[in-house]
Amino acid sequence: MLITGIKSKPIYTPLSFDASGRYHILLGAGVGANPLLRVLAEMKKTVPQSMIHARVLFKNASAIEATAGNVSESELAFRAVETVELRVFNNVASLLADFHILATGSLMGTRLYVAGPESFIGLAMQIALQFNLNQDEIRAEECGSLARRVFCIHCRAITDEVVTNIVKCACQRWLLVRDHYSRRLAAYMGVMADAEAPGELPEMREVFR
Amino acid sequence: MSAQTITVEITSIAQVTPLIKHFRLKATTGGYLPAFSGGSHIIVVMRGQKRIHRNPYSLLSSPNRLEHYEIAVRRMDESRGGSHFLHDVVKIGDQLEIAHPVNLFGLEKQARKHILIAGGIGITPFLAQLEDLRCGEVPYELHYSVRSHEHAAFLQHLGTREATRVSMYYDNEGATLNFEELLAKQPLGTHVYVCGPAGMITRVIDTARSYGWPNSHVHWEQFNAPPVGDAFDVFLARSKISVHVVPDQSLLECIEAAGVEVPYLCRGGVCGFCHTRVLELDGELLHHDHYLSANERTTGKSIMPCVSRAKAKRLVLDL
Ligand code: FES
């Protein structure tokens, strides 16, 4: 009963280095480390050492991801890339706050790379939009958990890390998670699942792992 | 486009520099002219004795004042008539036809800062945009380069309110705009707009690119008279007529003179509206537009007749 075929679900492509930029900001979460390391490797091949201006803001893998990826390894791998400034965070909120400060002082010619779960990408994009970064300045690759941020169209609350087709909102309504994505809210729309026949819910299934 | 023309009357003409005349137009029906946003241009249709000219001019008047439109016309050295017609032939009280305003050079609404760069007559679209910018909160600056004081048109329009936002560069005083300095250190979300001579536009585009500016933040507009060239013949397949294109008229103008309408907006090779399919070609297309991709040029299947020409034994167009 998922409503699909909706165009607003963003499409991501594998990250690559954009040599037309002068400064590079890389944001990663969890297994998002791997695509970022690939970008850094490409950068080192293309740009002379002295011309590299790159900053990495990285959030360590969460408990769920820790089983799949390996935190310390990613961090070590970043540290092994010289001339790149690295900052490591334990939660997304502080990483984003740091990104906001960084963007405020950044110059035209900056390219943004984002790798991680879609919800992470969405939140980073919200900030990027505030700074009027356009499609030709941003690259994003989805990896890791497919968990969604869900916006309740009835009470406007956001439920994070949703992995199931239906979810109970803070307002006690059961929401059906749609494919309709809002870039402004960085969330998928959740609509009351049993509005027409109260109490009649589709079977709960785990669909966004 | 003819369905959309508006008849206007010239209500004032002023010589503002040795080369630039300033015209004020009002609708002959009275009342307001169509609304427009800063950066828009109109096409002015001028019925000369021998031929019709259709030239694009930026609206420089305030988008908040629709009882009249204002344009400025620079006398071109090798004008094929349009600017000479407006400079030497028309007088106050004459009527002209204009097409609805179209904006191909609008301000970016999400921008966090605007940098406007004008060379000479290229100041015109910015005069209208400044009216919008003054009311907003987004920072902006205007860099205006001219030959000398006597060539600096519309300084009084910039007014004292703008004094801190405007930098003037007078060539004869050796004051040149340093594009590197200007574009190297701008905050994220800045947009640059340039209108002026071709050389200036190219330098801005190249400099911006070298500092990593993406294309979506660099905007330019240029109104070129269509280049002159050798005469050639073209056959219009659907209309089943042959048209002879003379050296000093564009392909589009000659097609129009033969009574065939082609859609257009800019008449400057930018908007893409006059895109025409080439059905047969024995020879070479001389592309002068900024619209077709390099690939489309080489395949020879398309032409923008507002500016491009041909050197061909046979050319058949899908018109
Ligand atoms: S009319 Fe705009 S490209 Fe020809």
Side-chain angles (χ1 to χ4, degrees), chain A residues 13 15-27 39-40 42-43 46-48 50-55 57 84 96-114 124-140 182-186, chain B residues 37-39 104-117 129 132-133 136-143 167 177-194 201-220 290 293-294:
Chain A
T13 47
L15 284 189
S16 59
F17 175 60
D18 180 355
S20 71
R22 278 223 165 184
Y23 317 99
H24 305 270
I25 298 178
L26 298 83
L27 310 179
V39 169
L40 292 174
E42 252 182 86
M43 182 185 314
T46 345
V47 184
S50 60
M51 294 281 287
I52 291 184
H53 304 281
R55 295 230 198 175
L57 309 187
V84 170
L96 293 172
D98 208 65
F99 170 43
H100 197 285
I101 294 167
L102 185 57
T104 308
S106 291
L107 299 178
M108 282 303 297
T110 301
R111 296 295 182 273
L112 177 68
Y113 307 80
V114 190
M125 292 299 181
Q126 270 187 325
I127 297 176
L129 280 184
Q130 283 175 38
F131 287 89
N132 186 227
L133 284 162
N134 289 337
Q135 288 311 312
D136 50 1
E137 299 163 279
I138 305 175
R139 297 180 177 200
S182 158
R183 290 214 301 157
R184 192 176 57 80
L185 300 165
Chain B
S37 51
L104 300 173
F105 192 52
L107 292 169
E108 198 60 44
K109 292 207 173 51
Q110 306 300 326
R112 298 176 67 239
K113 179 175 179 183
H114 302 282
I115 297 178
L116 318 176
I117 304 176
Q129 290 180 339
D132 293 333
L133 290 173
E137 285 180 352
V138 180
Y140 62 93
E141 40 187 77
L142 170 72
H143 299 265
S167 309
L177 222 169
N178 185 332
F179 297 107
E180 281 75 20
E181 225 166 70
L182 184 60
L183 299 177
K185 290 202 164 72
Q186 292 296 344
L188 272 190
T190 306
H191 286 254
V192 63
Y193 309 77
V194 54
I201 294 176
T202 316
R203 286 205 47 206
V204 170
I205 294 174
D206 291 349
T207 309
R209 186 165 299 150
S210 76
Y211 284 102
W213 290 54
N215 291 341
S216 67
H217 287 254
V218 182
H219 314 269
W220 53 272
H290 302 279
S293 66

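Lettering of chains follows the sequences in order, A, B, ..., and the numbering in each one begins at 1. From a predicted model like this one, the values you see are computed outputs, not experimental measurements.
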* Structure fact -> Highest number of heavy-atom pairs under 4.5 Å with chain A among B:Ser210, B:Ala208, B:Gly189, B:Ala111 belongs to B:Gly189
* Structure fact -> Turns out that what part of B:Ala184 lies under 4.5 Å from chain A's heavy atoms comes down to backbone
* To do: Might you point out which heavy atoms bring A:Val39 and A:Ser16 nearest each other, and give the distance in Å?
  => CG2-C, 4.1 Å
* To do: Mind checking side-chain hydrogen bond (donor to acceptor under 3.5 Å, both in side chains) for A:Glu137 and listing every partner two or more places apart, or none if nothing turns up?
  => B:His217
* Asked: What part of A:Ser20 lies closer than 4.5 angstrom to a heavy atom of chain B: side chain, backbone, both or neither?
  -> backbone
* Structure fact -> Partner of B:Leu182 under side chain to side chain contact (heavy atoms under 4.5 Å, CB included), picked from B:Val192, B:Ile117, B:Val204, is B:Ile117
* Please assess B:Phe179 against B:Asp206 for the test side-chain contact (heavy atoms from CB on, under 4.5 Å), listing each intermediate value before the final yes or no. => CA-CA 10 Å; B:Phe179 297 107; B:Asp206 291 349; over 6 Å; no
* A:Gln130 versus chain B, heavy atoms under 4.5 Å apart: side chain, backbone, both or neither? -> backbone
